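From a predicted model like this one, the values you see are computed outputs, not experimental measurements.
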Amino acid sequence: MNTTPSRTTTPSTTTPPAGTTDPAEGSADAVTEEATAQDSLVKDPATDSPAKDPAPKDTTGTPSDDLAGQSDDDDDDDDALEPDPFDEARHGVGAGAAAVVSAALGVVALTGAWTGRVAAERETLIGQIQTSGGGSAAQQISEIYGDAWHTTALVNGVFAVLALLVGVFVLVRPAFGAPSERPQPTWVRAVALAGVALGVLGVLISAGMYFDLFVSLPTAGVPAGG
C-alpha cells in the first residue's frame, strides 16, 4: 500500500520574456489601429477643419436685379410714350362735330331750308289776304311777292350767321381754356374753315337778296290810257 500522497500538477503560468508581446494582444492592437485609420479616411475633411463663416454677400445691388429694374423702367417709359388709341380717338371729337355742323349750316344757307320756304308761303298768303279787297299793282307785288322774297333771304341769312359763328368758335377754341397736349387735328380745322367760308358767302348773298341789291322787285307798268 502506497502511502505517498499523490502530486497534483497545475499548469504553469509562463511570463513572456521582457521585450516580447503576446501574439493575441498584438493582433488586437493591429485591428484597432486599422479601424482608426479607416474612420479617419471616411470622415469629411470639412468637418475636421475649423468652421469658417462664409463671406457676407451683397444682395442689395446684384447685376441681375439692376438689369431687371432697368428693363421694367424701360417698359414703363415705352408705355408712357406710346399713345393710347382710345385717347387718340376721343381727342378732337367735339371740335370735329362742331366743324361738320358749321359746314352743314353753310350749305343750308346757300341752298335754302324748308323753314324758309314755309315762312315765304306764309307771307304770300298774308299778302293775298290783305290785297283781296282791292289794291294797286305795286301793293300786290310788294305784299305777295316782295315780303316772301325778303323772308326767304332773312331765314337763309340766319343759317349763314350760325355757320360762321360755329366755324369761328372751332378755330379759336384752342387759344382759350386749358392748353391741350396735342394740336387740333388738321381735318377739323379744314372743315371749320369750309364752314366759315360758306357762312360768309351765305351772309353776303342773303344781304343782297334782302336789300334787293342783285335783283329788284318787279314794277307794274303805267296804263296806256292814264
Side-chain angles (χ1 to χ4, degrees), residues 87-226:
D87 292 340
E88 290 290 336
R90 288 193 297 267
H91 177 62
V93 171
V100 173
V101 169
S102 174
L105 290 174
V107 172
V108 171
L110 294 178
T111 59
W114 66 271
T115 53
R117 183 171 59 254
V118 171
E121 292 176 355
R122 180 177 181 275
E123 291 296 329
T124 300
L125 179 60
I126 293 175
Q128 291 175 352
I129 294 174
Q130 291 178 352
T131 59
S132 61
S136 62
Q139 184 180 3
Q140 292 180 355
I141 293 174
S142 176
E143 295 292 338
I144 297 175
Y145 178 78
D147 290 348
W149 176 266
H150 294 160
T151 302
T152 302
L154 182 62
V155 173
N156 292 343
V158 171
F159 279 100
V161 171
L162 291 177
L164 179 60
L165 293 178
V166 174
V168 171
F169 172 78
V170 173
L171 293 177
V172 302
R173 175 64 181 82
F176 299 95
S180 178
E181 297 179 356
R182 292 180 294 272
Q184 193 176 58
T186 305
W187 69 270
V188 173
R189 296 182 61 85
V191 177
L193 285 173
V196 171
L198 292 175
V200 172
L201 186 60
V203 168
L204 295 177
I205 293 176
S206 299
M209 290 175 59
Y210 188 83
F211 294 104
D212 299 329
L213 299 178
F214 301 128
V215 289
S216 59
L217 293 177
T219 56
V222 179

* Asked: Between V191 and A99, which heavy-atom pair has the shortest distance, and what is it?
  -> CG1-O, 3.3 Å

* Note, F159 side chain near L110 side chain (heavy atom, < 4.5 Å) -> no

* **Residue F211 excluded, over 12 heavy atoms near CZ under 6.0 Å** => no

* What pair of heavy atoms forms the shortest contact from A119 to V155, and how long is it? -> CB-CG2, 4.4 Å

* Asked: If you take all heavy atoms of L105 and L162, which pair is closest and at what distance?
  -> CD1-CB, 3.8 Å

* Find out whether I126 and D147 are in side-chain contact, i.e. whether some heavy atom of one side chain is under 4.5 Å from a heavy atom of the other. => no

* **Atom pair CD (E121) and OG1 (T151), whose distance is rounded to the nearest 0.5 Å** => 11.5 Å

* What is the distance from atom CG of L217 to atom CG of D212, rounded to the nearest 0.5 Å? -> 4.5 Å

* Structure fact -> Separation between CD (Q130) and CD (Q140), nearest 0.5 Å, reads 11.5 Å

* Do V170 and Q184 come within less than 4.5 Å of each other through their side chains, counting heavy atoms only? -> yes

* R173 side chain vs F176 backbone, donor-acceptor pair below 3.5 Å -> yes

* Asked: Taking atom OG of S142 and atom CH2 of W149, what is their separation to the nearest 0.5 Å?
  -> 14.5 Å

* State whether the side chain of E143 and the backbone N or O of A138 hold a donor-acceptor pair below 3.5 Å, judged by distance alone. => no

* Structure fact -> In short, A192 meets L171 closest at the heavy-atom pair CB-CD2, 3.8 Å

* Structure fact -> Contacts of Y210 meeting ring-ring contact (aromatic ring centres under 6.0 Å, His included) (sequence neighbours excluded), chain-then-number -> H150

* Taking S102 for the side chain and A163 for the main chain, is one N or O donor matched with an acceptor at less than 3.5 Å? -> yes

* T131 (side chain) donor-acceptor with G127 (main chain) under 3.5 angstrom -> yes

* Asked: Atom CG in L204, atom CE in M209: separation rounded to 0.5 Å?
  -> 13.0 Å

* Option passing side-chain contact (heavy atoms from CB on, under 4.5 Å) with L198 (candidates V203, V107, V108, L193) -> V107

* Backbone N/O of G202 and side chain of S206: donor-acceptor pair under 3.5 Å -> yes

